[in-house]
Amino acid sequence: MLTRTNRPLTGDIKMNTPTKPTTWTLELVNALEWKRFEELCTRLFETKGFTCKTTNLGSDEGIDIHLYFGKDKPILDRIVHCKTSGKQVGMDFMRAFQSSMQSQKAKRGTFVSRGGFAQDALNFAAQNSIHTIDSSQLLELITRLDTAESAALLERLTEGDYVTPTCT
């Protein structure tokens, strides 16, 4: 369980900061603020050999990460969307993501969602070269990392307040 501690900032003002976790858990994956969640996904794809390029903040057209293979002439392999709300992804989001794939000329896509996926969205994804990853599957990918890599990722992504959403 993630708990918060009260530490004085200045004078009477107190700031809540989360307790530093020592291991990866499903609760931690689901608690990471959106930017760190996207960074987690990016780092995991990099361990799989992809070159990752994140999109600029703002209107991203449902694309958070572009994944490329190849060093000399990188080729777009797929696009990724990271959905951090706890709600299940339904058909509307899945169709919009497929439209983004078409506009980017990406033959494959990966949709990562903390809230999981409705069955019709999973069926649609399977028929349209969209790989789906929920929080449990993401945690499984983390557990496959070597111990040092997992620990370094944990240290990096939980520096400071890692649960309060950032604006940038």
Could you grab the distance from atom SG of Cys82 to atom CD1 of Ile63, nearest 0.5 Å is fine? 12.0 Å
Give me the atom names and distance for the closest heavy-atom approach of Pro21 to Tyr162. CD-OH, 3.3 Å
Under a plain distance cut-off of 3.5 Å, with no hydrogens placed, do Thr158 and Lys20 share a side-chain donor-acceptor pair? yes
Below 3.5 Å, can you tabulate the donor-acceptor pairs from side chains in residues 113-123 to any protein atom, sequence neighbours excluded?
unit_1, atom_1, unit_2, atom_2, d
Ser113, OG, Gly115, N, 3.2
Ser113, OG, Gly116, N, 3.3
Ser113, OG, Gly116, O, 3.1
Arg114, NE, Thr84, O, 3.0
Arg114, NH1, Val29, O, 3.2
Arg114, NH1, Asn30, O, 2.5
Arg114, NH1, Leu32, O, 2.8
Arg114, NH2, Leu32, O, 2.7
Gln119, NE2, Asn123, OD1, 2.9
Asn123, ND2, Gln119, O, 3.4

Quick one, Cys41 with Leu138, criterion side chain to side chain contact (heavy atoms under 4.5 Å, CB included). Give me CA distance, side-chain angles, the key distance, then yes/no. CA-CA 8 Å; Cys41 294; Leu138 200 59; 4.2 Å; yes
Exercise: identify the closest heavy-atom pair between Glu46 and Arg43: OE1-NH1, 2.9 Å
When you measure from the side chain of Thr42 to the backbone of Glu38, do you find a donor-acceptor pair of N or O atoms at a distance under 3.5 Å? yes
Checking the side chain of Ser150 only, and the main-chain atoms of Asp146 only, is there a donor and an acceptor separated by less than 3.5 Å? no
Does a side-chain N-to-carboxylate-O contact under 4.0 Å join Glu39 and Lys35? no
For Glu140 and Thr143, work out which heavy atoms get closest and say how close. O-OG1, 2.7 Å
Can you name the closest pair of heavy atoms from Phe93 and Phe111 and give their distance? O-CE1, 3.9 Å
Keeping the roles fixed (side chain from Gln127, backbone from Phe124), state whether a donor-acceptor pair exists under 3.5 Å. no
What is the minimum heavy-atom distance between Leu154 and Thr23, and which atoms define it? CD2-N, 3.7 Å
State whether Tyr68 and Lys53 meet the cation-pi test: NZ (Lys) or CZ (Arg) under 6.0 Å from the six-membered ring centroid, and within 45° of the perpendicular axis. yes
Between Glu149 and Arg144, is there a salt bridge with N-O shorter than 4.0 Å? no
Report the distance from atom CD1 of Ile130 to atom CZ of Arg95, rounding to the nearest 0.5 Å. 11.0 Å
Strictly distance-based, threshold 3.5 Å: is any side-chain N or O of Asp161 a donor or acceptor partner for the main-chain N or O of Val163? yes
Of Arg78, His131, His81, which meets side chain to side chain donor-acceptor pair (under 3.5 Å) against Thr110? Arg78
For the atom pair CG (Leu44) and CD1 (Ile65), what is the distance rounded to the nearest 0.5 Å? 9.5 Å
